[in-house]
Amino acid sequence: MKRIERIDAVEMFIVKLPLASPFETSFSVQTHREALLLKITSNGVNGWGECVTSPDPYYSYETNATAVHIVKDFLVPILMPLKNFLVEDVLQRFDRIRGHNMAKAAVENALLDLLARINELPLFKLIGGESKQIMSGISLGIKENVDDLLASIQDACDKKYHRIKIKIKKGNDIEILEAVRNAFPDIQLMADANADYDLEDLNVLKRFDAFNLMMIEQPLNYDDIYLHSFLQQQISTPICLDESIKNLDDAKTAFALGSGRIINIKQGRVGGMIKSNEIQEFCMNNHIKVWSGGMLETGIGRAFNIHLQTLPGFVLPGDTSETSRYFTEDIVDPPVTLEPDGFINIPEGTGIGVQVVPERLERYTVFNERIG
Ligand code: OSB
Ligand code: MG
């Protein structure tokens with residue numbers, strides 16, 4: 001295996017892509033995806049990474065601005081002096097910086113893409129995955145009315161998405177789930193609360209058991225693991241943790257306490273692909289099912305999520321949808337499309353397998369800085 005000889009430059013871009021339709025959750029309405037992208041160059045080869053932060057700290061404390069700061073002032077100064085190294089060597093040095101997993105993951109992503117391209121390997125081979133088709137899933141935001149939601153679900157069913165997730169919030173839950181289940185009694189359905197409830201809402205949360213949901217995602221506080229264990233004892237719907245799981249120790253804590261039966265692994269939230277691999281392995285050995293979440297990524301981040309799902313613990317469909325569901329125009333080619341049976345093929349070629357289109361990158365860039 002060839003190592004990375006040296007780093008010649010790190011370039012940061014913030015792109016602002018309009019979403020095909022606004023995306024509403026219990027914590028915000030997004031009309032654009034404003035993404036921090038990293039390009040790392042070594043001997044004329046480029047690796048790309050995407051940071052899953054947003055401009056605002058509503059999903060997590062990290063933002064695009066904090067990520068730019070951490071990348072520029074702490075991560076790149078660690079990275080630049082290294083010679084003949086592997087990605088693990090870098091991650092070990094990043095451990096000194098507490099938190100800021102999304103910023104770390106963005107750098108790790110770019111280094112993995114770079115290393116895979118240097119070695120002329122597809123990324124999934126580099127991380128130890130197996131070649132296979134990936135299951136699809138769609139996450140539908142809160143809609144203005146139930147009819148809009150039912151129409152979106154019908155559309156997703158026609159496209160053969162393997163499971164459908166709907167966003168819910170306090171006061172916008174039971175009636176919605178009831179209407180969806182009445183119209184679609186047999187679909188694989190789940191609900192994501194994005195931390196909108198607390199244990200005082202137990203009576204409402206218990207009523208979710210009537211809807212045969214695959215799981216309820218992150219019902220309680222974004223930082224909580226302990227209270228979720230009480231809730232899981234009270235409801236039969238499996239709990240899936242998203243926001244609360246930031247590292248392997250959190251997954252171990254959740255397992256020890258019985259805080260849920262499923263984990264949504266977002267590689268950005270847990271500090272990258274290699275950390276995700278450790279978590280999926282722990283979960284597989286302990287009968288916790290995992291799936292790959294999404295953060296409305298551009299085609300760069302989505303490609304990482306696709307490669308991640310070649311690892312064996314990813315037994316449930318995740319939030320990986322076709323490109324056109326997010327953007328009318330993405331910055332990479334080729335776009336993600338669904339096969340007639342709803343599966344997604346791994347992009348072919350070395351690294352992440354998708355290529356940034358320079359003209360589109362330039363058109364959507366709102367901030368650019370080069371280091372080195
Ligand atoms: O909680 O999973 C979430 C999007 C942004 C922030 C948080 C979440 C989401 C999604 C969409 O559910 C996932 C996707 O399709 O990328
Ligand atoms: Mg979620």
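Counting convention: from 1, in listed order, for ligands and their atoms alike. Everything numeric here is computed off the predicted structure, so don't read it as measured data.
Of all the atoms in ligand 1, the ones that sit under 4.0 Å from a non-hydrogen atom of K165 are 2 (O), 3 (C), 12 (O). Interface atoms of ligand 1 facing Y59, defined by a heavy-atom separation under 4.0 Å, are 7 (C). Listed by number with element, the atoms of ligand 1 under 4.0 angstrom from any heavy atom of K167 are 1 (O), 2 (O), 3 (C), 8 (C), 9 (C), 10 (C), 12 (O). Shown in contact with N194 at under 4.0 Å from a heavy atom are these atoms of ligand 1, numbered in order with element: 1 (O), 3 (C). Near E217, meaning under 4.0 Å from any of its heavy atoms, are these atoms of ligand 1: 2 (O). Within ligand 1, the atoms closer than 4.0 Å to a non-hydrogen atom of D192 are 1 (O), 2 (O), 3 (C), numbered from 1 in the order shown.
The atom of D192 nearest to the Mg ion (ligand 2) is OD2, with the search restricted to N, O or S atoms. Of all the N, O or S atoms in D242, the one closest to the Mg ion (ligand 2) is OD2. Nearest N/O/S atom of E217 with respect to the Mg ion (ligand 2) is recorded as OE2.
Looking at ligand 1, you won't find any N or O of F27 less than 3.5 Å from one of its N or O atoms. Looking at K266 next to ligand 1, an N or O pair under 3.5 Å apart turns up. Taking only nitrogen or oxygen atoms, main chain and side chain alike, S139 reaches within less than 3.5 Å of ligand 1.
The closest approach between R325 and ligand 1 stays at or above 4.0 Å for every heavy atom of the residue.
The closest protein non-hydrogen atom to atom 14 (C) of ligand 1 is Y326 OH, 3.5 Å. In this structure, atom 4 (C) of ligand 1 lies nearest to the protein heavy atom F23 CE2, 3.7 Å. Closest to atom 16 (O) of ligand 1, if we only count protein heavy atoms, is L296 N, 2.8 Å. Looking from atom 13 (C) of ligand 1 to the surrounding protein, the closest heavy atom is G294 O, 3.3 Å.
Other residues, nucleotides and ligands place more than 12 heavy atoms under 6.0 Å from the CZ atom of R363. Atom CD of E362 has 12 or fewer neighbouring heavy atoms from other residues, nucleotides or ligands inside a 6.0 Å radius. The neighbour count for K132 NZ, taken as heavy atoms of other residues, nucleotides or ligands under 6.0 Å away, is above 12. Heavy atoms from other residues, nucleotides or ligands lying under 6.0 Å from NZ of K125 number 12 at most. Residue-environment remark: CD (E348) stays at or below the threshold of 12 foreign heavy atoms within 6.0 Å.
For the pair R93 and F85, the NZ or CZ position fails the cation-pi test of under 6.0 Å to the six-membered ring centre and within 45 degrees of the ring normal.
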Before you tell me yes or no, could you show the steps for D224 and S244 under side-chain hydrogen bond (donor to acceptor under 3.5 Å, both in side chains), namely the whole-Å CA-CA distance, both residues' side-chain angles and the distance that decides it to 0.1 Å?
CA-CA 6 Å; D224 171 75; S244 297; 5.7 Å; no
Do F314 and I265 pass the side-chain contact (heavy atoms from CB on, under 4.5 Å) test, and can you show the C-alpha distance, the side-chain angles, and the key distance before you say yes or no?
CA-CA 9 Å; F314 288 85; I265 297 182; 4.0 Å; yes
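Only one option out of Y364, F367, W48 pairs with F13 in a ring pair (Phe, Tyr, Trp, His ring centres under 6.0 Å); it is W48.
Contact check for P312 versus M284: side-chain heavy atoms found under the 4.5 Å cut-off. The closest side-chain heavy-atom distance from I346 to F124 is below 4.5 Å.
With a 4.0 Å heavy-atom cut-off, ligand 1 is reached by the side chain of D242 but not by its N, CA, C or O.
Comparing E243, M295, R302 against atom 5 (C) of ligand 1, the shortest heavy-atom distance belongs to M295.
With hydrogens and angles ignored, the 3.5 Å screen pairs a side-chain donor or acceptor of E62 with a backbone N or O of M102.
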